[in-house]
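Chain A is the first sequence line, chain B the second, and so forth, proteins listed ahead of strands; every chain is numbered from 1.
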2 protein chains.
Amino acid sequence: MANRNEKLRSHCPVNFALEAIGDRWSLLIIRDILLNGKQSFGALLESDEQIATNILSERLVRLVEMDIIWRQRDPHDGRKFVYDTTPKGDALLGVVLELGAWGAQYDPQTVAPQGTSAQYYADRTGTIEKARLSLVKRRGSAPGPIQV
Amino acid sequence: MANRNEKLRSHCPVNFALEAIGDRWSLLIIRDILLNGKQSFGALLESDEQIATNILSERLVRLVEMDIIWRQRDPHDGRKFVYDTTPKGDALLGVVLELGAWGAQYDPQTVAPQGTSAQYYADRTGTIEKARLSLVKRRGSAPGPIQV
DNA sequence: CGTTTCAGTTGCGTTATGCAAGTAACCACA
DNA sequence: TGTGGTTACTTGCATAACGCAACTGAAACG
C-alpha cells in the first residue's frame, strides 16, 4: 500500500511513485476524477470496480495528505464534499493513460469505461497531449466533468 | 495484488493493467529488467528496495504466467535462469517512464537509480520514444543489459 | 569431495483488504 | 417541526497479502 510518512524503500523515482499511488485503488480514484469527472464520495463509490467505503475513505485521506487531491465542502449541499485533483494529481494523467493503453492492447475483453471514449486508450501516439489539452481546457473554465 | 485467474473487477483497461501489475513490486522488477539490464534472480534481489526472496519468486512466476516476462536456463550456468521481458512486458516501458517522470518531479529527495541516467526521468518530452529506441536496438542485437 | 553459490521454499507473525453493519450530520418535504 | 432518505463516513471482524528469517536441493568451484 501507499505508505505515508514511513521511510521510503529507495528514492528511485519509479519507486517513489509506486509507494505513493502503487496500490490497487489510488489510480482508479484518480482515473475517475481525471477522466470521468467524479468529484464526490458517492460518485466515486459507484464505479464498476466496487470499492468498499472504508477503503475509499482511507484512500481519499491519503491522497489529500499527499497533495494529489484536495477537498472542500460542497457549497450547495452541506453533507457533501467536492474532491478534485491538484496539479500534482493532474500530473498522473500520463501514468493513467499509459496503463489504459497497455490494458486496452492486452485485455482481450477490454471495454471503454462509461463516459470515456475508447480513442484515449486505443493508441498511445498523441494520446497524452490530447488528454492534457482537455484537462487544461477544463481547468481554464468552470470546474466540472470532462467528457473524453 | 495482481491476481491470476480470478474474475476481474472490471474490464476498464486501466483496471486490467492495475490488476496485472498494480502491486508494489511487479513494476520494480520490470523496471530492473527494462532499464537496469537485470536478468537473474540474484541480480533482481540486489535492488535498493530489498525485495524478499519469496515475494520475488512469486512475482516472477506470475509475470511469466501473464506472458510479461519469460525465463530460460542460463546456458553457461545450470543453476541460473535468465529472465527477460516479452513484447507485452516491453510495452510497459511507457508506464515505467511516466511513473519515473512523476516521481522525479515530486520526490524532493529523488535520485537516479544506479546505472540509469537521470535524463530518462527528468522530462517526459521525447522520453518514451528515446527509451523505446534503446529497447529496439537491444532487441535487434544480442540480448544483454542496456545502459540508459 | 567439501564448500559456496544460486534459486528458490517453508513457517509464522504483521499488515492490508474486504464485507456488513452502524452512525452523525444534513437535506427535502409535509 | 418532525420524519424519512441521503451522504460520508466509522467500526468490527474475517480473509488475503506481505515480510522476515531460516532452511533446502541442485549445480559449480577449488
Side-chain angles (χ1 to χ4, degrees), chain A residues 1-10 15 18-29 32-33 38-66 69-84, chain B residues 1-10 15 18-29 32-33 38-66 69-84:
Chain A
M1 244 289 306
N3 66 12
R4 291 189 228 211
N5 298 319
E6 307 94 51
K7 42 196 157 307
L8 293 170
R9 295 172 300 185
S10 84
N15 182 58
L18 288 174
E19 297 212 32
I21 44 80
D23 68 283
R24 278 212 285 310
W25 293 110
S26 297
L27 280 172
L28 292 178
I29 295 168
D32 280 342
I33 298 176
K38 300 189 175 181
Q39 298 193 313
S40 66
F41 192 92
L44 290 166
L45 258 191
E46 285 167 10
S47 294
D48 288 344
E49 292 86 10
Q50 295 279 59
I51 189 170
T53 56
N54 55 345
I55 312 247
L56 176 56
S57 180
E58 195 211 1
R59 287 305 182 284
L60 290 171
V61 169
R62 282 179 188 269
L63 290 171
V64 168
E65 281 179 358
M66 291 189 289
I69 65 174
W70 58 281
R71 74 170 204 175
Q72 61 177 349
R73 290 210 163 271
D74 188 327
H76 306 301
D77 187 336
R79 295 167 301 179
K80 295 171 97 167
F81 290 96
V82 177
Y83 295 94
D84 205 353
Chain B
M1 241 290 306
N3 67 10
R4 292 190 227 210
N5 297 321
E6 306 94 51
K7 41 197 159 305
L8 293 170
R9 295 172 300 184
S10 84
N15 183 58
L18 288 174
E19 297 212 35
I21 44 80
D23 67 285
R24 279 212 284 309
W25 293 109
S26 296
L27 280 171
L28 292 178
I29 294 168
D32 280 341
I33 297 176
K38 300 188 176 182
Q39 299 195 313
S40 66
F41 191 93
L44 291 165
L45 259 189
E46 285 167 11
S47 294
D48 289 343
E49 291 87 10
Q50 296 280 60
I51 189 170
T53 55
N54 55 343
I55 312 245
L56 176 56
S57 180
E58 195 210 2
R59 287 305 182 284
L60 289 171
V61 169
R62 281 178 189 270
L63 291 171
V64 168
E65 282 178 359
M66 291 189 288
I69 64 174
W70 57 281
R71 75 169 203 176
Q72 60 177 347
R73 290 213 162 268
D74 188 327
H76 305 302
D77 186 338
R79 294 167 302 178
K80 295 172 97 169
F81 289 96
V82 177
Y83 295 94
D84 205 352

Margin query: Angle between the end axes of the helix from C:dC1-D:dG30 to C:dA30-D:dT1, five pairs per end, to the nearest 10 degrees?
Written below: 20°
Next item on the list: Mind checking B:R71 for me? I need base, sugar-phosphate or nothing, with any heavy atom below 4.0 Å counting as a touch.
Entry: sugar-phosphate
Margin query: At less than 4.0 Å, is any side-chain N or O atom of B:Y83 found next to OP1 or OP2 of C:dC6? Yes or no.
Written below: no
Next item on the list: Compare side-chain N and O positions of B:R59 against OP1 and OP2 of D:dC18 and report whether any pair is under 4.0 Å apart.
Entry: yes
Next item on the list: Of all the heavy-atom pairs spanning B:F41 and B:L56, show the shortest one and how long it is.
Entry: O-CD2, 3.5 Å
Next item on the list: Measure from CZ on A:F41 to C1' on C:dA25 and round the result to the nearest Å.
Entry: 15 Å
Notebook entry, point to check: Which of these nucleotides, D:dA22, C:dT17, C:dA7, is closest to any side-chain atom of B:T53?
Noted result: D:dA22
Item checked: Minimum-distance nucleotide (side-chain atoms of B:N54 versus C:dG18, C:dT10, D:dA28) -> C:dT10
Check: Which comes earlier along DNA chain C counting from the 5' end, the contact point of A:R73 or that of A:A52, where each point is its nearest nucleotide?
Finding: A:A52
Notebook entry, point to check: Are the charged groups of A:R79 and A:D74 less than 4.0 angstrom apart, N to O?
Noted result: no
Notebook entry, point to check: Any donor-acceptor pair under 3.5 Å joining the side chain of A:S40 to the base of D:dT7?
Noted result: no
Notebook entry, point to check: What integer distance in Å separates A:K80:NZ from D:dC9:P?
Noted result: 12 Å
Next item on the list: Take atom CG of B:D77 and atom P of C:dA7, then tell me their distance rounded to the nearest Å.
Entry: 8 Å
Next item on the list: Look at the side-chain N and O atoms of B:S57 and state whether any lies under 4.0 Å from the OP1 or OP2 oxygen of C:dT9.
Entry: yes
Note to self: I want to confirm an ordering. Mapping A:W25 and B:F81 to their closest nucleotides on DNA chain C, which one lands closer to the 5' end?
What the structure shows: B:F81
Check: Just how far, in rounded Å, is P of D:dA8 from CD1 of A:I55?
Finding: 18 Å
Check: So, B:E19 side chain and B:R9 main chain: donor-acceptor pair closer than 3.5 Å or not?
Finding: yes
Check: Under a 4.0 Å N-O cut-off, is there an ion pair linking A:R71 with A:D84?
Finding: no
Notebook entry, point to check: The side chain of A:R79 lies closest to which of these nucleotides: C:dA25, D:dC18, C:dG8?
Noted result: C:dA25
